[in-house]
Novice: 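Dropping the structure in here first, questions after.
Letters A, B, ... mirror the listed sequences (proteins, then strands); counts begin at 1. What's counted below: heavy atoms across the whole structure, side chains too, no hydrogens, waters or symmetry copies.
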Amino acid sequence: MEKIITRFPPSPTGYLHVGGARTALFNWLYARHMNGKFILRIEDTDVVRSTQNSVDAILNSLEWLGINWDEGPYFQTRRFHIYEDYIQKLINSGHAYYCTCLPEELDIMRKKAAAAGEKPKYDGTCRNKGLARTDNAVVRFKAPLSGITIVNDIIKGKVVFQNNELDDFIIQRSNGTYTYNFVVVVDDISMKINTIIRGDDHLNNTPRQILLYQALESEIPSFAHVPMVLGKDKTRLSKRHGAMSVTAYKDMGYLPDALLNYLVRLGWSYGDQEFFQTDELIEKFTLENIGRSPGIFDQEKLLSINAEHIKRDPPARIAKHLLPFLKEQRCTVEEDSHLESVIRTLNKRSKTLKEMAEGALFYFTETVSYDEKAVKKFLKPSVLKPLKLLLDRLQILETFNEKNLEKVFENLIKDTEIKFGKIAQPVRVALTGKTVSPGIFEIIEVLGKKKVVSRLKKAIELIANKT
RNA sequence: GGUCCCAUCGUCUAGCGGUUUAGGAUACCGGCCUCUCACGCCGGAGACACGGGUUCGAAUCCCGUUGGGACUACCA
C-alpha cells in the first residue's frame, strides 16, 4: 500500500488557535497511525499579513502539544521558482491566461452582476484575448464552462459541483505572488501529499483545486473535510469566544495531552471512550470515526478532561509541566523537595496546573502566610493544649508516615477527649495558613518533621501571645 | 442572493432498519462518604427539529420544510 503523506499548512497571520490545532492533530494522528509521513508547511504567500512572530508562535505551540513533523517547515515564499514553472506549464498548455482587467473594473463587474441577481463571477473578458505577459497582468486559470466536478470525500461522501458555478480564478497576482488555490495544489503535488484532512470550510475550494490537478495531469489526493469547530454562539471560532490560542491554554495550566484529548473528541469518537493518552490515540485514530456535524468548543468539558489527566497522569510527567507555574508563584523548588509526593496530594483537587501550583504554595514557603479569618476561627486558646501535646508527640516520632501519624492522632483524641474534627482544622491552619488543603496526614508526611515542628511552634506562639 | 455542508439531552457524543422504556461523558440537582476542600460512589432531571414517504418495522433509508454553518477576494 502507498505510504500515507499528510500535511498541516497554517498561514502565519496569528497564533495557532484550537481549531487549527485540531486539524493538525487529525493529520498528525492519521499519519502516525498509518505509519506515514506528516509534513509542516507555512503558507505565507500573503506577505502583508504574515509575520515571523506568528511562525514562531505556531511552531512553539505544535512543539508544546507534542505534534512533531517529519518534513519542513517549508515556506511558500521560498518556493516561488517552483510556482513559476507551474504557471508556465499551465499557460503553455492553454489552461491559463494573462488578464489585464483592473480590480476596480472587477468590482464594478461584480456589483452589476449582483444587482441583476446574477453570480458575481469573472466575465471572461481576457479569456480568449491571448494576451502576452505585461507588468500588471494577473494570471487566471481557464476553468471549464460546463460539466461537473466530483469531490469524493471520505467524510462527506460524493459531492457534486456544477462547473458553471466556478469562474476563471486568479492564480498569480499582479505583484507576482501566487494565490492560495494554486500554491496549495502545486505544493501538495510536489510534496506528494496523498491525503488532505482539513476543515470543511475548504470543501467549496476543492472543485477548483481538482480542476488544477487535472490541468496539471496529476493524481487527485484523498480528501477528508472535517466539520468545523464553532463557538458558543454556533458561529466560526474567533477571539470573540474568549481564549482560543493554544498558548492561552498552556498558560492557564492545561496539559498538552488533555487539550489533545479534548480536541480529538470534538468530532471523532471511539465508542463511549472519553479518556485517551496520546499514544492510545495514535493506535485508535481512524478517519471513519470522524463525525459529520460541527461541534461547539466547550471550555467546561475541556476543563474536566484536563482534571482527569491531572488525576491520572504519572506525577513525574505532571511535575515537568507544573514547574513553570511554581516559579510563577515565586517559590523556589529545591531538588529534594519531593515534588512528586506534593503532586500526589493535590492531583485529585486540581483542575489546572495553575490551581495546583497555588495549592502547593504552602509546601514551599519559608513562613506560612496566615489567612486572617482562618486564624481567628481556629487558632483559639482552647486548642493550645492539644496543639502542644501534638507537638511533643510528633517531635519524638521517628518516621512520618500515614500509619504512625494516624496512631498519634488517635491517642491524642483519646487523651484529650477532643474530637478529630476539632483538632484537624487548627492543625491545618497552623501548617498551611488556610482552611482548605489536602488531608492532614498527607500534608504532615510530605511537609516533613522539620517544617511541621516549626510551624506548630509558631502557631502555638501566636495563640499564646494573643492571650 | 447563489453554491455546498450539517441536524440525537444545554454541550461533546454512542447508535450504522428490529437487541432501545434511545447509552456514555460533561454541566446541573439530590443523597452517601468525610479532618477542610476535593475525589469517589449512588440517584434525578434532560434529546432523536418538523412534515411526508419507503418498510411488517425507522433516530437509523428517500424527499420536502425549518434552522444552523461555510464558501462566494489580486485572504488562506
Novice: When the P atoms of C37(B) and U20(B) are considered, how many whole Å apart are they?
Specialist: 41 Å
Novice: Once salt bridge (Lys or Arg N to Asp or Glu O under 4.0 Å) is applied, do any residues pair with Arg79(A), and if so which ones, sequence neighbours excluded?
Specialist: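 For Arg79(A), the residues satisfying salt bridge (Lys or Arg N to Asp or Glu O under 4.0 Å) (neighbours in sequence not counted) are Asp187(A).
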Novice: Is the Lys NZ or Arg CZ of Arg7(A) less than 6.0 Å from the centre of Phe38(A)'s six-membered ring, within 45° of the axis?
Specialist: no
Novice: Pick the nucleotide of RNA chain B nearest each of Tyr180(A) and Leu266(A); which residue has the one closer to the 5' end?
Specialist: Leu266(A)
Novice: When all nucleic acid strands are considered with a 4.0 Å heavy-atom cut-off, which category describes Phe161(A): base, sugar-phosphate, or nothing?
Specialist: sugar-phosphate
Novice: Give every residue pair that meets the salt bridge (Lys or Arg N to Asp or Glu O under 4.0 Å) criterion with at least one member in residues 287-298 of chain A, sequence neighbours excluded.
Specialist: none
Novice: Once rounded to the nearest 0.5 Å, what's the spacing between atom NZ of Lys158(A) and atom CG of Asp153(A)?
Specialist: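 Going from the NZ atom of Lys158(A) to the CG atom of Asp153(A) covers 13.5 Å.
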Novice: Is a side-chain N or O of Thr352(A) found less than 3.5 angstrom from the main chain of Gly253(A), in a donor-acceptor match?
Specialist: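 No, the answer is negative, given that no donor and acceptor are paired below the 3.5 Å cut-off.
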Novice: Tell me every residue that passes side-chain hydrogen bond (donor to acceptor under 3.5 Å, both in side chains) with Arg349(A), counting only those two or more places apart in sequence or in another chain.
Specialist: Glu442(A)
Novice: Is there, by distance only and without an angle test, a donor paired with an acceptor across the side chain of Ser174(A) and the base of C74(B) below 3.5 Å?
Specialist: yes
Novice: Which part of the nucleic acid, if any, lies within reach of Pro103(A) when heavy atoms closer than 4.0 Å are counted: base, sugar-phosphate only, or nothing?
Specialist: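 Base contact.
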Novice: Rounding to an integer number of angstrom, what distance separates G44(B) and G68(B) when you compare their C1' atoms?
Specialist: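 It comes out at 32 Å once rounded to the nearest Å.
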Novice: Closer to the 5' end of RNA chain B via nearest nucleotide, is it Gln162(A) or Asn181(A)?
Specialist: Gln162(A)
Novice: Answer with yes or no whether Asp298(A) presents, from its side chain, a donor or acceptor under 3.5 Å of a partner atom in the base of A27(B).
Specialist: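 Side chain to base: no pair present.
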Novice: Less than 3.5 Å between a donor and an acceptor, one on the side chain of Arg349(A) and one on the base of C39(B), is that the case here?
Specialist: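 No, the side chain and the base share no sub-3.5 Å donor-acceptor pair.
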Novice: What integer distance in Å separates Ile296(A):CD1 from U13(B):C1'?
Specialist: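 In whole Å, U13(B) C1' lies 13 Å from Ile296(A) CD1.
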Novice: Can you tell me, in whole Å, how much space there is between the P of A7(B) and that of C63(B)?
Specialist: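 My reading of the P atoms in A7(B) and C63(B) gives 13 Å.
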Novice: What pairs with Ser269(A) under side-chain hydrogen bond (donor to acceptor under 3.5 Å, both in side chains), at least two apart in sequence or on another chain?
Specialist: none
Novice: What does Thr235(A) touch in the nucleic acid at a heavy-atom separation under 4.0 angstrom: a base, only the sugar-phosphate, or nothing?
Specialist: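 Sugar-phosphate, no base atom in range.
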Novice: Please name the pair of heavy atoms, one in Pro12(A) and one in Val55(A), separated by the smallest distance, quoted to 0.1 Å.
Specialist: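 Looking at all heavy atoms of both residues, the shortest contact is CB-CG2, 3.5 Å.
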Novice: Between C41(B) and U34(B), how far is it from one C1' atom to the other, in whole Å?
Specialist: 13 Å
Novice: Applying a 4.0 Å non-hydrogen cut-off, can you work out what Ser269(A) is touching in the nucleic acid: base, sugar-phosphate, or nothing?
Specialist: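 Sugar-phosphate: the residue Ser269(A), judged by heavy atoms under 4.0 Å, touches backbone atoms but no base.
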Novice: Work out how far the C1' atom of G18(B) is from that of A58(B), and round it to whole angstrom.
Specialist: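 Each nucleotide's C1' atom is 9 Å from the other's.
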Novice: Rounding to an integer number of Å, can you tell me how far Leu40(A) CG sits from A76(B) P?
Specialist: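 So the CG-P distance, Leu40(A) to A76(B), works out to 17 Å.
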Novice: If you take atom types as modelled and just measure distance, does the side chain of Glu274(A) reach the base of G24(B) with a donor-acceptor pair under 3.5 Å?
Specialist: yes
Novice: Let me know the distance between CZ of Phe75(A) and P of A76(B), rounded to the nearest Å.
Specialist: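 Computing the Phe75(A):CZ to A76(B):P distance gives 16 Å.
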Novice: Rounded off to whole Å, could you give me the CG-to-P distance for the Asn205(A) and C5(B) pair?
Specialist: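 So the two atoms are 15 Å apart, to the nearest Å.
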Novice: Identify whether the distance between the nearest side-chain nitrogen and carboxylate oxygen of Arg317(A) and Asp257(A) falls below 4.0 Å.
Specialist: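 Looking at Arg317(A) and Asp257(A), the cut-off is met.
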Novice: Report all interatomic pairs (protein N or O, nucleotide N or O of nucleotides 33-35 of chain B) with separations under 3.5 Å.
Specialist:
| from | atom 1 | to | atom 2 | distance (Å) |
| --- | --- | --- | --- | --- |
| C35(B) | O2 | Arg428(A) | NH2 | 2.7 |
| C35(B) | N3 | Ile440(A) | N | 3.3 |

Novice: Which residues, if any, of residues 300-311 of chain A bring a heavy atom under 4.0 Å of RNA chain B?
Specialist: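 Listed by number, they are Glu300(A), Lys301(A), Ser304(A), Lys311(A).
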